[in-house]
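Notes follow once the structure below has been shown.
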Amino acid sequence: MSTRRPRTAAIIAVGSEMLTPFRVDTNSLYVTERLNDVGVQVSLKIVAGDNRGELAEVVGAVLARADIVVLSGGLGPTDDDVTRDAVADVLGLPLEEDPELVEHIRRRFEARRLEMPAINRRQALVPRGAIRLDNPNGTAAGLWIRTGDRHVVLLPGPPRELKPMFDRAVSVHLEPSTGGARVYRRVLRITGRSESHVDALAQPIYGPWASRQPSIETTILAVQGQIELHLSTSDERVAEAEARLGQLAASLEAALAPAVYSSDGRTLEEVVGHLLAARGYRIALAESCTGGLLASRLTDVAGSSAYVERGVVTYSNEAKTALLGVPESMLAEHGAVSEPVAAAMATGVRERAGTEVAVGITGIAGPGGGSVEKPVGTVFVAVAISGEQRVQRFDFVGPRSHIKYQASQAAMDMVRRWLLER
Ligand code: ATP
Ligand code: MG
């Protein structure tokens with residue numbers, strides 16, 4: 001048996017339904033996470049239809065470029081389940097009936113007071129030399145095949161069968177040959193800066209780590225209204241990995257401050273909630289174009305009743321006047337989407353709620369309603385803390401839902417930054 005440490009993997013999701021608009025492969029995400037845990041990187045993913053010849057070709061091609069090939073699906077008893085045949089074909093291994101597997105399948109049917117259909121015998125066919133992976137949640141056993149330096153792993157499609165099987169198989173068949181190395185991760189979440197801006201500042205800091213030994217890999221991701229820096233490193237020792245990640249994270253935070261709002265997995269709403277709670281402040285919200293999204297996000301956090309006092313959605317001019325005391329003359333003079341109206345919304349709701357902190361949001365979410373001066377995406381956010389107020393204009397782009405989300409994000413970030421100063 002070879003002792004070469006497997007470093008790369010390819011995943012093949014087998015099933016023609018995943019080549020339609022109706023089904024998506026999610027098994028590979030789980031498989032990837034477990035492989036990463038033991039220091040194996042996924043270098044390739046493929047979705048293949050239920051075609052024996054095609055699948056054999058794909059497996060053959062992938063075997064040349066990855067240490068581990070994981071296939072999921074197509075282990076069932078019907079004619080369109082071709083995974084074991086395709087793998088046996090490409091590896092040149094004969095299929096042999098495993099008597100213990102026949103028994104296992106027969107017993108599962110017996111338990112349901114059914115006779116085993118003849119076609120289910122197919123599921124007891126095993127390529128010569130393959131190790132069986134037991135399936136307590138189904139009839140299809142998984143298979144682990146060593147071929148030279150490489151591993152080929154066959155897993156059933158249903159996630160509740162695949163997950164426990166793969167977990168166990170990784171610890172039994174893979175962990176011993178990975179030298180105990182695991183991947184450790186850290187995510188820096190950043191708001192209020194563009195992806196290119198973040199990368200320009202961050203690349204000189206994280207860049208050199210990629211070629212160091214041991215290295216840290218950094219991925220930059222733009223996710224709705226924010227940027228994420230994903231740091232990952234592989235090590236046998238937790239403390240070493242955490243120290244290394246901590247060092248890079250601290251340098252990045254210093255360079256990007258105060259745009260990094262979390263490096264411990266917390267969401268922006270959690271961070272803002274924590275800052276409010278720590279100061280004993282409560283917050284009130286007056287929302288127009290976000291339609292209550294800000295209130296919804298802040299109250300997604302367990303325990304938010306300690307600091308969220310109220311939120312009002314004042315969509316019409318009448319509501320802004322009746323519920324927040326925004327003067328009709330101000331609405332007529334400046335328009336509902338304006339700096340003074342945002343400020344009047346924030347102070348209006350703060351006075352009525354009696355809170356330390358308040359937010360007012362008014363803007364044009366589109367797609368209609370824009371003008372040259374105030375195009376779609378124009379949003380004014382006002383924050384009032386005690387007697388003071390700050391108002392900012394934002395010019396967002398994108399569809400309606402995205403503009404609403406970005407407005408809620410910007411409002412929370414204004415509150416966060418101001419609270420950090422206090
Ligand atoms: P079975 O014995 O149940 O037929 P199988 O190994 O043949 O198992 P498939 O028939 O390919 O598996 O898939 C069974 C079900 O598992 C699918 O209907 C789908 O719901 C789910 N499934 C299959 N592949 C995936 C995947 N890559 N990601 C998520 N779910 C999947
Ligand atoms: Mg099937």
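Residues take their numbers from the sequence shown, with the count starting at 1.
- Side-chain atoms of Asn137 come within 3.5 Å of backbone N or O of Arg160 as a donor-acceptor pair.
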Walk me through whether Arg182 and Glu175 qualify under salt bridge (charged side-chain N to carboxylate O under 4.0 Å, His left out). CA-CA 9 Å; Arg182 295 179 71 91; Glu175 237 159 17; 3.4 Å; yes
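- Side chains of Thr20 and Glu17: a donor-acceptor N/O pair is absent below 3.5 angstrom, by distance only.
- Within the 3.5 Å criterion, the main-chain N or O of Val383 finds no donor-acceptor partner in the side chain of Gln389.
- Looking at Glu161 and Asn135, their side chains do bring a donor and an acceptor atom within 3.5 Å of each other.
- Under the 3.5 Å distance criterion, the side-chain polar atoms of Ser215 are left unmatched by any main-chain donor or acceptor of Ser211.
- Between the side chain of Thr347 and the main chain of Ala343, a donor-acceptor pair closer than 3.5 Å is present.
- In terms of modelled atom types and a separation under 3.5 Å, the side chain of Arg352 and the main chain of Gly348 share a donor-acceptor contact.
- Judged by distance alone, the side chain of Arg350 and the main-chain N or O of Ala384 form no donor-acceptor pair under 3.5 Å.
- Checking each of Val381, Val379, Val337 against Thr362 for a side-chain contact (heavy atoms from CB on, under 4.5 Å) leaves exactly one that passes, namely Val337.
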Would you check, one step at a time, whether the test side-chain hydrogen bond (donor to acceptor under 3.5 Å, both in side chains) holds for Gln226 with Glu228? CA-CA 7 Å; Gln226 66 182 27; Glu228 291 183 356; 3.2 Å; yes
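- No side-chain N or O of Glu195 forms a donor-acceptor pair with one of His197 less than 3.5 Å apart.
- For the residue pair Asp167/Tyr30, the side-chain donor-acceptor check at 3.5 Å is satisfied.
- With a 6.0 Å radius and a threshold of 12 heavy atoms from other residues, nucleotides or ligands, Glu373 has its CD atom at or below the threshold.
- For Arg122 (side chain) and Pro77 (main-chain N/O), a donor-acceptor pair under 3.5 Å exists by modelled atom type.
- Judged by distance alone, the side chain of Glu96 and the main-chain N or O of Pro127 form no donor-acceptor pair under 3.5 Å.
- Between the side chains of Tyr206 and Asp199, a donor-acceptor pair is found at a separation under 3.5 Å.
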Exercise answer: donor-acceptor pairs, residues 49-74 side-chain atoms, under 3.5 Å, sequence neighbours excluded:
unit_1, atom_1, unit_2, atom_2, d
Asp50, OD2, Ser16, N, 3.1
Asp50, OD2, Ser16, OG, 3.3
Asn51, OD1, Gly53, N, 3.2
Asn51, OD1, Glu54, N, 2.9
Arg52, NE, Asp89, OD2, 2.8
Arg52, NH2, Asp89, OD1, 3.1
Arg52, NH2, Asp89, OD2, 3.4
Asp67, OD1, Arg4, NH2, 2.6
Asp67, OD2, Arg7, N, 2.7
Asp67, OD2, Thr8, N, 3.1
Ser72, OG, Asn27, ND2, 3.4

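- Both tests hold for Arg297 against Tyr405: distance to the six-membered ring centre under 6.0 Å, angle to the ring axis within 45°.
- Ring pair Trp144/His151 is perpendicular by interplanar angle, where above 60° counts as perpendicular and below 30° as parallel.
- Between the Thr290 side chain and the Leu293 main chain, no donor and acceptor come within less than 3.5 Å of each other.
- Donor-acceptor pairing under 3.5 Å is lacking for the side chains of Thr314 and Lys320.
- In this structure a side-chain-to-backbone donor-acceptor pair under 3.5 Å is missing from Arg185 to Leu231.
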Start with the C-alpha gap between Asp98 and Arg132, add the side-chain angles, then the distance that decides, and say whether salt bridge (charged side-chain N to carboxylate O under 4.0 Å, His left out) holds. CA-CA 9 Å; Asp98 178 334; Arg132 194 176 67 224; 2.8 Å; yes
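- A donor atom on one side chain and an acceptor atom on the other are found under 3.5 Å apart for Arg244 and Thr233.
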